[in-house]
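The next block holds one structure in the form of structure tokens; read it before the comments.
These numbers were taken from a predicted model, which means no experiment stands behind them. Quick note: numbers below take in every heavy atom, side chains included, and nothing from hydrogens, waters or symmetry partners. Lettering of chains follows the sequences in order, A, B, ..., and the numbering in each one begins at 1.
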Amino acid sequence: ASVYNALIKAHTSHGAHLLALILYTHMLSHGTQPDPFSFPIVLKACANLEARELGQQIHAQTLKFCVIVDPFVSNSLILMYSKFGLRDCARKVFDEVPTRNVVMWTTMIDVYTRAGLMDEAAEFFEKMPERNVFTWTAMISGHLRNGSPMLALGIFRAMQACGVHPDEVAVLGAISACARLGGLGIGKWAHVYVKAHGLDINKVSLANGLMDMYVKCGSLADALEVFNEMPKRSVVSYNTMVCGLAMHGKGKEAIELFENMQKDGFKPN
RNA sequence: UUCAGACCCUU
């Protein structure tokens with residue numbers, strides 16, 4: 001099965017989910033049994049294709065072929081059902097797992113925040129035995145999605161108070177909260193934190209987030225500095241800066257940058 | 001050989 005798994009995985013990572021599933025059924029019909037490594041790959045493909053019937057069939061197969069409940073498989077089932085919009089099914093899988101790990105708890109929190117059920121998310125957050133940076137960031141992103149940047153910042157602070165070190169995604173959440181609140185002071189602190197802790201500022205989304213924060217907090221000069229120092233830019237980087245210049249009354253500079261963007265080979269979207 | 005925060009950050 002491991003040879004098939006590698007092949008199936010190669011297809012899913014290129015977005016060819018349907019081909020992956022065809023390959024999987026080919027494997028079954030040729031007498032090769034799936035192993036616990038097969039299911040997460042193929043369940044994710046079902047989730048992406050919203051293939052509900054097949055997903056349920058494969059759920060049945062996990063019960064048939066797995067002697068013990070594999071945490072990777074359980075989590076993939078929870079994710080798949082939540083993508084189908086079947087929150088109760090996701091919850092049922094979670095409730096029936098004998099030993100839950102931090103990934104499953106975090107997945108459930110994410111499911112609830114996406115549904116706007118922040119009370120349920122908070123309840124899970126408090127109940128769970130251990131939390132890591134993914135868990136904390138899921139709560140931060142959840143509050144941002146649901147229009148509570150103040151609460152997002154509160155969670156970020158609590159995370160640090162608990163001794164969990166923020167990574168790029170966590171800091172980006174805090175930066176995004178600052179942008180919405182106009183909190184230049186904390187935003188600058190976050191920028192310093194990124195530099196001081198060697199977080200990867202070359203991650204385009206992190207630099208984009210910093211630029212956006214500076215623009216919205218009224219510091220165009222800082223935004224331009226981040227932009228100029230970016231080794232790699234995306235079309236979003238240019239959009240952010242063009243809009244930033246325009247919002248700050250620099251119409252001419254905005255148009256110039258818009259033209260430079262096209263010279264750099266970026267097509268306006 | 002397999003899972004979670006990032007269909008995110010700009011408009």
Side-chain angles (χ1 to χ4, degrees), chain A residues 1-10 12-13 15 20 24 27 34-45 47-48 62 66 70-80 82-83 90 93-94 97 100-111 113-114 121 125 128 131-145 152 155-156 159 164 166-173 175-180 203-216 223 226-227 230 233-247 254 257-258 261 266 268-269:
Chain A
S2 62
V3 176
Y4 271 104
N5 291 346
L7 269 173
I8 295 168
K9 173 73 182 165
T12 57
S13 45
Y24 175 72
M27 170 182 101
D35 64 12
F37 291 81
S38 315
F39 294 119
I41 313 171
V42 100
L43 287 169
K44 199 176 187 177
N48 283 314
T62 67
C66 290
D70 182 85
F72 285 66
V73 174
S74 302
N75 196 52
S76 301
L77 284 167
I78 293 168
L79 269 173
M80 182 186 74
S82 70
K83 284 240 175 79
V93 172
F94 178 84
V97 172
R100 297 169 196 125
N101 63 21
V102 63
V103 177
M104 279 176 239
W105 283 95
T106 303
T107 300
M108 285 307 296
I109 286 173
D110 187 56
V111 168
T113 66
R114 281 178 196 280
F125 185 76
M128 62 194 292
R131 293 162 271 272
N132 62 19
V133 66
F134 279 66
T135 321
W136 287 97
T137 309
M139 283 300 289
I140 292 168
S141 304
H143 277 119
L144 287 172
R145 248 198 303 275
I155 301 278
F156 182 81
M159 170 175 80
V164 176
D167 64 4
E168 286 87 355
V169 182
V171 172
L172 185 55
I175 289 168
S176 174
C178 291
R180 286 171 216 205
K203 297 222 162 126
V204 179
S205 61
L206 183 55
N208 288 351
L210 276 170
M211 275 168 47
D212 178 50
M213 181 276 295
Y214 281 129
V215 163
K216 292 195 173 140
V226 173
F227 180 79
M230 284 177 80
R233 297 175 185 134
S234 69
V235 67
V236 174
S237 316
Y238 279 96
N239 289 347
T240 306
M241 208 56 245
V242 169
C243 291
L245 287 166
M247 282 194 285
L257 185 62
F258 180 71
M261 158 178 148
F266 286 101
N269 64 12

- Test item: side-chain donor near acceptor, A:D35 and A:S38, under 3.5 Å: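 Checked: A:D35/A:S38 side chains pair up, N/O donor to acceptor below 3.5 Å.
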- Item | Side-chain donor-acceptor pair present, A:R145, A:S141, cut-off under 3.5 Å |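 There is no such pair (donor and acceptor under 3.5 Å, judged by atom type) between the side chains of A:R145 and A:S141.
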Is the phosphate of [N] approached by [X] (side-chain N or O, under 4.0 Å from OP1 or OP2)?
X: A:K216; N: B:rU10; result: yes
X: A:R114; N: B:rA6; result: yes
X: A:K203; N: B:rC8; result: no
X: A:R145; N: B:rA6; result: yes

- Query: Do you know the tightest heavy-atom contact between A:A121 and A:I109?
  - Reply: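 Looking at all heavy atoms of both residues, the closest pair is O-CG1, 3.9 Å.
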Separation of [X] atom [atom1] from [N] atom [atom2], in whole Å?
X: A:L144; N: B:rG5; atom1: CG; atom2: P; answer: 15 Å
X: A:L257; N: B:rU10; atom1: CG; atom2: C1'; answer: 13 Å
X: A:R180; N: B:rC8; atom1: CZ; atom2: P; answer: 11 Å
X: A:D110; N: B:rA4; atom1: CG; atom2: C1'; answer: 8 Å
X: A:I140; N: B:rG5; atom1: CD1; atom2: P; answer: 14 Å
X: A:M128; N: B:rG5; atom1: CE; atom2: C1'; answer: 11 Å
X: A:N208; N: B:rA6; atom1: CG; atom2: C1'; answer: 13 Å
X: A:Y4; N: B:rU2; atom1: OH; atom2: P; answer: 19 Å

Contact class for [X] vs. all strands (heavy atom < 4.0 Å): base, sugar-phosphate, or nothing?
X: A:R233; result: nothing
X: A:L79; result: sugar-phosphate
X: A:T107; result: sugar-phosphate
X: A:K83; result: nothing
X: A:S141; result: sugar-phosphate

- Item | Ring centers of A:F94, A:W105 separated by less than 6.0 Å |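 Centroid distance A:F94-A:W105: below 6.0 Å, so yes.
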- Query: Can you check whether A:Y238 and A:F227 have ring centres sitting under 6.0 Å from each other?
  - Reply: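 They qualify: ring centres under 6.0 Å apart.
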Nearest to the side chain of [X], which nucleotide is it out of [options]?
X: A:T137; options: B:rU1, B:rU10, B:rG5; answer: B:rG5
X: A:K9; options: B:rC3, B:rA6, B:rU10; answer: B:rC3
X: A:V236; options: B:rA4, B:rC9, B:rU1; answer: B:rC9
X: A:A170; options: B:rU10, B:rA6, B:rG5; answer: B:rG5
X: A:N132; options: B:rU1, B:rG5, B:rA4; answer: B:rA4
X: A:S205; options: B:rC8, B:rU10, B:rC3; answer: B:rC8
X: A:V103; options: B:rU11, B:rC9, B:rA4; answer: B:rA4
X: A:N75; options: B:rG5, B:rA4, B:rU1; answer: B:rA4

- Query: Looking only at atom types and distance, does a side-chain atom of A:N208 sit under 3.5 Å from a main-chain N or O of A:M211, one as donor and one as acceptor?
  - Reply: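 Not a single qualifying donor-acceptor pair exists.
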- Item | Member of A:V73, A:D70, A:N5, A:I8 meeting the side chain to side chain contact (heavy atoms under 4.5 Å, CB included) criterion with A:F37 |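 So, applying the side chain to side chain contact (heavy atoms under 4.5 Å, CB included) to A:F37 and each of A:V73, A:D70, A:N5, A:I8, only A:N5 qualifies.
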- Polar side-chain contact A:D167-B:rG5 base: donor and acceptor under 3.5 Å: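 Side chain to base: pair found, below 3.5 Å.
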- Side chain A:N101 and base B:rA4 donor-acceptor under 3.5 Å: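 For A:N101, whose side chain was compared with the base of B:rA4, there is no donor-acceptor pair (under 3.5 Å).
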- Message: Taking the C1' atom in each of B:rC9 and B:rG5, what is the distance between them to the nearest angstrom?
- Response: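 Approximately 15 Å lies between the C1' atom of B:rC9 and that of B:rG5.
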- Indicate whether A:F72 forms a stack on B:rU2; treat it as stacked only if centroid distance is below 5.5 angstrom and interplanar angle below 30 degrees.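 It does: the two rings, one from A:F72 and one from B:rU2, meet the stacking criterion.
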